[in-house]
Chemist: 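Below: one structure in structure tokens.
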Protein chains: 2
Amino acid sequence: LLSSYANRLAPVCSQVQLGFRYELRDQRFTIYVMQLLNCSALCLPADHHIHVRVAVLPCVETSRCLFRTCGSSPQDAVQVNEVFGVQISQGALRQKTLRVDVCHMSMSGHEQCLAGAQVSLADVSCSEDRRTRLYNLLNRVYMSDISNKDDEPRT
Amino acid sequence: LLSSYANRLAPVCSQVQLGFRYELRDQRFTIYVMQLLNCSALCLPADHHIHVRVAVLPCVETSRCLFRTCGSSPQDAVQVNEVFGVQISQGALRQKTLRVDVCHMSMSGHEQCLAGAQVSLADVSCSEDRRTRLYNLLNRVYMSDISNKDDEPRT
């Protein structure tokens, strides 16, 4: 059915380690971008630096929702260790989805995203502790493969 | 920065309730698509039925990875209650990402997806119990908004 996927199946998927904390008193949501693992599975073009783009969506005009880490030279494991904060009420936060993408800048200065994770914040915990987790990164190739399937009549 | 988001911000986001179970003995991963909530936030065209498309990605040719629920008439809350199963080893499952999209069929018979959730299966539990959770659905409008930003040089 989706046979084109098979040929591009990487043996190990790349992952991003993220941490979250919500401080109820300050109404502050903190996102820790900790590290990238198995970056060789990203099929990055040679000699490109990679960065992580973080978006808290949907975005409202009054607050910043888009962040980028500094660029790192591509290695199989990349220590990122950058922290971003958003001022937001708990109720609003639970309507949000976090989109995290690994990107690189093309020669012409355009941002190209290779793979990403999407995290629903519907049940984000309000503990003061930082919770960390590894998330698989889905290569954008697979997203567009599904989208192309939209052009085929449903069976 | 992303001011175009603000005008399209729905007051309440739509959500999908999903359940998962992995049976180690049978090496079987079961996905329960339970219900959709706040579908009015999907901005569905009038008189269209909606269905849920579930993909376990990346897909290998030897196993089925793409499933669709039956169509439902659009209401604010839609009971779906459909179950899909995938035969897969625990190690392979933990490399996968689940993509869940709410879609409708256009008049010409093409599948159009309105919003989706993406769930990393990196730490999927191997309990025999079904775990259920609500996931926020991110409207595809926001995804394409970010993609359009790729054409702007990085600041």
Side-chain angles (χ1 to χ4, degrees), chain A residues 1-13 15-16 51 53 55 57-62 64-66 68 94-97 99 101 103 105-106 108-113 116-123 133-139 141-143 145-147 149-154, chain B residues 1-13 15-16 51 53 55 57-62 64-66 68 94-97 99 101 103 105-106 108-113 116-123 133-139 141-143 145-147 149-154:
Chain A
L1 182 59
L2 294 175
S3 60
S4 58
Y5 287 173
N7 302 328
R8 278 177 264 152
L9 177 62
V12 174
C13 76
Q15 295 182 312
V16 61
H51 64 275
R53 187 182 68 185
L57 302 172
C59 189
V60 287
E61 208 167 348
T62 49
R64 194 175 166 202
C65 65
L66 188 63
R68 290 179 176 89
R94 290 192 164 168
Q95 307 278 328
K96 302 288 188 184
T97 296
R99 182 78 214 173
D101 286 281
C103 311
M105 304 307 285
S106 71
S108 55
H110 294 171
E111 188 175 52
Q112 305 287 336
C113 291
Q118 193 171 305
V119 182
S120 164
L121 300 176
D123 51 6
R133 251 188 77 183
L134 278 174
Y135 294 86
N136 292 341
L137 292 164
L138 183 63
N139 200 306
V141 160
Y142 303 116
M143 292 288 291
D145 264 6
I146 303 189
S147 298
K149 293 281 159 195
D150 292 354
D151 293 335
E152 290 177 13
R154 187 174 174 183
Chain B
L1 184 58
L2 295 174
S3 60
S4 58
Y5 287 173
N7 302 328
R8 279 177 263 154
L9 177 62
V12 175
C13 76
Q15 294 182 312
V16 61
H51 63 275
R53 188 182 67 184
L57 300 172
C59 188
V60 288
E61 208 166 349
T62 50
R64 194 174 166 204
C65 65
L66 188 64
R68 289 178 175 89
R94 290 191 163 167
Q95 306 277 329
K96 303 287 189 185
T97 296
R99 183 75 215 175
D101 286 280
C103 311
M105 305 307 284
S106 71
S108 55
H110 293 170
E111 188 174 52
Q112 305 286 339
C113 291
Q118 191 172 307
V119 183
S120 165
L121 301 176
D123 51 5
R133 251 187 78 183
L134 278 174
Y135 294 85
N136 292 341
L137 292 165
L138 183 63
N139 200 306
V141 160
Y142 303 116
M143 292 288 291
D145 264 4
I146 303 191
S147 299
K149 292 282 158 195
D150 293 353
D151 293 336
E152 290 176 13
R154 188 172 173 186

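Every chain is numbered from 1, with letters handed out A, B, ... down the list of sequences.
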Chemist: Mind checking the SG-NZ spacing from A:Cys13 to B:Lys96? Nearest 0.5 Å is all I need.
Modeler: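 Answer for the SG-NZ pair, A:Cys13 versus B:Lys96, is 9.5 Å.
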
Chemist: With B:Leu57, which of A:Val141, A:Asn139, A:Leu138 fulfils side chain to side chain contact (heavy atoms under 4.5 Å, CB included)?
Modeler: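 Answer to the side chain to side chain contact (heavy atoms under 4.5 Å, CB included) test with B:Leu57 among A:Val141, A:Asn139, A:Leu138: A:Leu138.
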
Chemist: What pairs with B:Leu134 under side-chain contact (heavy atoms from CB on, under 4.5 Å), at least two apart in sequence or on another chain?
Modeler: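 Once residues adjacent in sequence are excluded, the partners of B:Leu134 under the side-chain contact (heavy atoms from CB on, under 4.5 Å) criterion are B:Gln15, B:Gln17, B:Leu37.
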
Chemist: Minimum heavy-atom separation for B:Asn136 to A:Gln95, with atom names?
Modeler: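 B:Asn136 and A:Gln95 have their closest heavy atoms at ND2-C, 3.3 Å.
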
Chemist: Suppose we screen for side-chain hydrogen bond (donor to acceptor under 3.5 Å, both in side chains). Which residues come up paired with B:Gln118, at least two apart in sequence or across chains?
Modeler: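 B:Gln118 satisfies side-chain hydrogen bond (donor to acceptor under 3.5 Å, both in side chains) with A:Arg99, B:Arg99 once adjacent residues are dropped.
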
